[in-house]
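First listed ligand is number 1; within each ligand, the first listed atom is number 1. The figures here come from the full heavy-atom set of this structure, side chains too, leaving out hydrogens, waters and symmetry mates. Because the structure is predicted, anything quoted here is derived from the model rather than measured.
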Amino acid sequence: MDTTRTIAIEPLTREAFAPFGQVIETEGAHSYPINAGKTQRFHDLARVELGGVHARPLISIFRGQPYELPLELRMVERHPLGSQAFFPLSERPFLVIVAADEAGTPGTPRAFLASPGQGVNIAMNTWHGVLTPLEAESDFLIVDRGGEGDNLEEFHFPLPYNVVLAD
Ligand SMILES: NC(=O)N[C@@H](O)C(=O)O
Ligand code: NI
């Protein structure tokens, strides 16, 4: 009997991702010209959430190593004190794995494939897999929360999930 559970990867869209945060992309975003029309501002694309004591926003770069598919998902985590945004600094795809909370533990995860030009802002206290680049080492601009308190909670699944490309 197959003891692992399978998750089929879905395309990343604002609508599908809405329960977990926002998709950061220019496609379909509100924008307006600034700098005498020489620049277009794609405005207010995501909601940065900062909770807890002495909270402040952090801007970092994560240099992630690639994962192979199918992916064995054994753990998800969440940040109870703040959101976490990932914006790729390359054109390569990456996976975003998220899950709803069910009485303090994650429900069945969902896996989204980000297209070139798409990033995500994962809402505060939302279960997610760690940064999952595909194909090659990739850099991401990160906006998340600094300050006092423990901002990381992990959940280890009793049985792994097998994350696969959809048929
Ligand atoms: N731990 C850390 O900074 N990264 C994770 O939060 C992640 O989501 O990749
Ligand atoms: Ni995280």
Side-chain angles (χ1 to χ4, degrees), residues 5 7-14 16-25 45-165:
R5 300 163 290 184
I7 298 172
I9 295 170
E10 309 168 55
L12 179 64
T13 66
R14 281 195 179 88
F17 197 73
F20 309 105
Q22 301 84 44
V23 174
I24 302 171
E25 58 182 338
L45 298 177
R47 182 164 172 259
V48 178
E49 298 167 286
L50 303 171
V53 177
H54 296 148
R56 67 185 183 90
L58 303 177
I59 294 180
S60 310
I61 287 178
F62 283 14
R63 179 160 293 162
Q65 297 307 311
Y67 290 75
E68 298 290 322
L69 292 180
L71 177 80
E72 193 168 86
L73 177 70
R74 291 184 173 275
M75 184 276 286
V76 289
E77 59 170 45
R78 63 181 175 179
H79 308 298
L81 300 177
S83 55
Q84 189 171 47
F86 298 83
F87 197 81
L89 302 180
S90 77
E91 291 290 297
R92 282 185 289 277
F94 67 106
L95 272 193
V96 184
I97 297 173
V98 285
D101 184 58
E102 293 178 358
T105 60
T108 302
R110 293 176 67 181
F112 295 98
L113 183 64
S115 298
Q118 287 186 313
V120 291
N121 181 54
I122 298 173
M124 181 160 67
N125 214 30
T126 298
W127 293 110
H128 60 280
V130 296
L131 176 63
T132 309
L134 301 175
E135 297 180 358
E137 176 182 275
S138 301
D139 287 358
F140 292 75
L141 186 71
I142 310 299
V143 178
D144 58 6
R145 183 261 185 199
E148 293 178 23
D150 184 1
N151 193 28
L152 177 61
E153 178 183 359
E154 294 183 347
F155 181 88
H156 296 265
F157 293 111
L159 277 178
Y161 286 90
N162 196 29
V163 181
V164 300
L165 286 170

For [X] and [Y], which heavy atoms make the closest approach, and how far apart are they?
X: Glu137; Y: Arg63; result: OE2-CD, 3.4 Å
X: Arg47; Y: Glu49; result: NH1-OE2, 3.0 Å
X: Met75; Y: Val130; result: CE-CG1, 4.1 Å

Exercise for review: Please say whether more than 12 non-hydrogen atoms of neighbouring residues, nucleotides or ligands are located less than 6.0 Å from NE2 in His156.
Suggested key: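 Correct, the count exceeds 12.
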
Review point. For ligand 1, which atoms have a heavy atom of His128 less than 4.0 angstrom away?
Key: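 Under 4.0 Å from His128, ligand 1 has these atoms: 8 (O).
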
Practice item. Provide the number and element of each atom of ligand 1 under 4.0 Å from a heavy atom of His79. Key: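 Counting from 1, the qualifying ligand atoms are 6 (O).
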
Could you find the nearest protein heavy atom to [atom] and give me its residue, atom name and distance?
atom: atom 9 (O) of ligand 1; value: Leu131 N, 3.0 Å
atom: atom 3 (O) of ligand 1; value: Phe62 CZ, 3.5 Å
atom: atom 7 (C) of ligand 1; value: Glu77 OE2, 3.3 Å

**Study point:** Phe94 ring center near Phe140 ring center (under 6.0 Å)
**Key:**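 Yes, the ring centres sit under 6.0 Å apart.
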
Exercise for review: Kindly report the OE2-the Ni ion (ligand 2)-NE2 angle for Glu77 and His79 respectively, rounded to 10°.
Suggested key: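 Value returned, to the nearest 10°, is 90°.
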
